[in-house]
Trainee: 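Just passing along the structure, written as structure tokens.
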Amino acid sequence: EAKSLGKMRYEFFQPKMAASQKAQLDLENVISHALEHDEFEVVFQPKIDIKGGKVAGFEALARLNSSKMGWVGPHEFIPAAEEKGLIDYITLLVCERSCAFINAMGEVPDDFKISINISPIQIADSRLFRELQSMISKAEVPYKHIEYEVTENSLIKNEEKSRRQLDIQRSLGFSTALDDFGVGYSSLGHLKRFSFCTLKIDRIFVDDVHHDGVSKVILKAIIEMANSLNMTVVAEGVETVDQLDTMLDLGIDHVQGYLFSKPLAAQVALDFLAHFAYPSELQALGASAHR
Ligand code: C2E
Ligand code: MG
Ligand code: MG
Ligand code: MG
């Protein structure tokens, strides 16, 4: 009785403690616990060079299989980790596993890349980038094999600092990518003012284009501009052969999506890479683009 009374009193004096606040609190504990007990995993999703018919690289994505909460999606734990100051630990873990992946490959093609996601709040943090660089150096991974993916909202907040940091990383030899293009601002100005190596078209755009002639015209213009700026263009979230066909018509370079593969555990991704052959039934696609 004393216990339940105590609980009532607690609720009485903290009426504003919303359920979402409590969930945030718990999530902070869950993330710290997971970092300490090695409960984060890193999975790798292939990016396919659809003109060359080979694997161009992988995007490294964080996964949390918590002993306290079970599977937690990145859309939940990434914002919480950002808010609680824990995101750097996740990024460093992702980087560590990405280096291990490259070192496990044996021979690495010159233009092969593993992409690491950088949160908006990390983009101007030179200390984090130095830590990443030092980790990659120690692993003896050439910088050209690592790509940093940033989203457009990172650039809006802190345009000067972001540009400077991205310039530094590129001059060191790292690759940079603009992620999720097509949601939010989608400013062509950003393409010009920031010299990204790669442009990633968001899955929402890929989906729209498929049944919307207007977005196809817009996307065509964006891709032409990106190509003229020597950027590699990647389409995210390609799930169907029809979408792949459209991407080939549009002149997209790389495709990432369930059509080819979901994100895979490191060993499975290494096997995927070792045995990849461009499916013969897809080889006839996009022929109209080459006519
Ligand atoms: P993102 O960087 O845009 O990553 C691509 C997301 O699309 C991944 O979701 C991937 O699993 C999903 N995806 C790929 N192909 C398909 C497809 O064909 N269909 C569908 N429906 N989805 C597809 P995921 O792994 O759940 O990650 C979600 C977001 O969480 C990522 O979006 C990224 O913004 C963030 N994230 C994941 N790991 C990290 C990390 O280590 N650091 C940071 N800062 N963010 C991360
Ligand atoms: Mg990404
Ligand atoms: Mg993306
Ligand atoms: Mg996305």
Side-chain angles (χ1 to χ4, degrees), residues 31 34-35 39-48 50 56-65 71-99 101 113-125 128-129 132 135 146-154 162 175-186 196-210 232-244 246-247 252 254-266 268-269 272:
I31 293 169
L35 283 164
E39 293 172 357
F40 277 98
E41 287 170 29
V42 180
V43 290
F44 299 86
Q45 186 177 33
K47 287 179 285 178
I48 309 300
I50 53 180
F58 291 81
E59 176 171 10
L61 295 155
R63 290 287 177 271
L64 173 53
N65 190 6
W71 285 100
V72 185
H75 290 294
E76 263 189 274
F77 70 73
I78 295 290
E82 288 171 355
E83 189 174 329
K84 304 301 175 189
L86 297 169
I87 186 69
D88 288 2
Y89 298 109
I90 295 177
T91 308
L92 287 162
L93 177 76
V94 170
C95 181
E96 185 183 55
R97 301 286 166 84
S98 299
C99 291
F101 187 100
K113 288 176 179 57
I114 302 268
S115 316
I116 297 173
N117 290 285
I118 301 293
S119 283
I121 59 161
Q122 297 175 306
I123 180 125
D125 182 356
L128 170 69
F129 279 104
L132 291 168
M135 178 184 271
I146 300 290
E147 179 165 79
Y148 294 122
E149 290 192 5
V150 307
T151 55
E152 249 184 329
N153 23 343
S154 330
S162 311
S175 180
T176 60
L178 182 55
D179 200 1
D180 299 348
F181 196 77
V183 295
Y185 301 92
S186 310
F196 286 102
C197 311
T198 304
L199 177 67
K200 296 190 78 176
I201 310 285
D202 194 79
R203 156 164 86 84
I204 295 184
F205 226 140
V206 170
D207 212 34
D208 275 357
V209 157
H210 192 55
T232 300
V233 184
V234 183
E236 295 191 285
V238 173
E239 294 181 349
T240 67
V241 172
D242 281 355
Q243 288 174 340
L244 174 66
T246 307
M247 294 307 123
I252 295 264
H254 300 167
V255 151
Q256 178 182 347
Y258 296 168
L259 176 65
F260 286 104
S261 173
K262 295 198 166 184
L264 306 167
V268 183
F272 179 95

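Numbering of ligands and ligand atoms starts at 1, following listing order.
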Trainee: Donor-acceptor pair, distance only, cut-off 3.5 Å: does the side chain of Thr240 make one with the backbone of Gln243?
Mentor: yes

Trainee: Mind checking whether Glu236 contacts ligand 1 via backbone (N, CA, C, O), side chain (CB onward), both or neither, at a 4.0 Å heavy-atom cut-off?
Mentor: side chain

Trainee: N/O to N/O below 3.5 Å, does that happen between Arg203 and ligand 1?
Mentor: yes

Trainee: Could you tell me whether any N, O or S atom belonging to Thr151 is less than 2.8 Å from the Mg ion (ligand 2)?
Mentor: no

Trainee: Asp179 to ligand 1: N or O pair under 3.5 Å?
Mentor: yes

Trainee: In terms of side-chain geometry, is the basic nitrogen of Glu147 or Lys200 positioned less than 4.0 Å from the acidic oxygen of its partner?
Mentor: no

Trainee: Verify the distance test for Glu236 against the Mg ion (ligand 2): any N/O/S atom under 2.8 Å, yes or no.
Mentor: no

Trainee: Could you identify the N, O or S atom of Asp179 positioned closest to the Mg ion (ligand 2)?
Mentor: OD2

Trainee: What is the name of the N/O/S atom in Glu149 that sits closest to the Mg ion (ligand 2)?
Mentor: OE1

Trainee: Are Tyr148 and Phe129 an aromatic pair by the rule of ring centers under 6.0 Å?
Mentor: yes

Trainee: Nearest 10° is fine: what angle sits at the Mg ion (ligand 2) between OE2 from Glu59 and OD1 from Asn117?
Mentor: 90°

Trainee: Have a look at His75, Gln45, Arg97 and point out the one with the heavy atom closest to atom 10 (C) of ligand 1.
Mentor: Gln45

Trainee: As a check for students: among Pro263, Ala62, Ala60, identify the option with a heavy atom nearest to atom 38 (N) of ligand 1.
Mentor: Ala62

Trainee: For ligand 1, find out whether one of its N or O atoms is nearer than 3.5 Å to an N or O atom of Ser119.
Mentor: yes

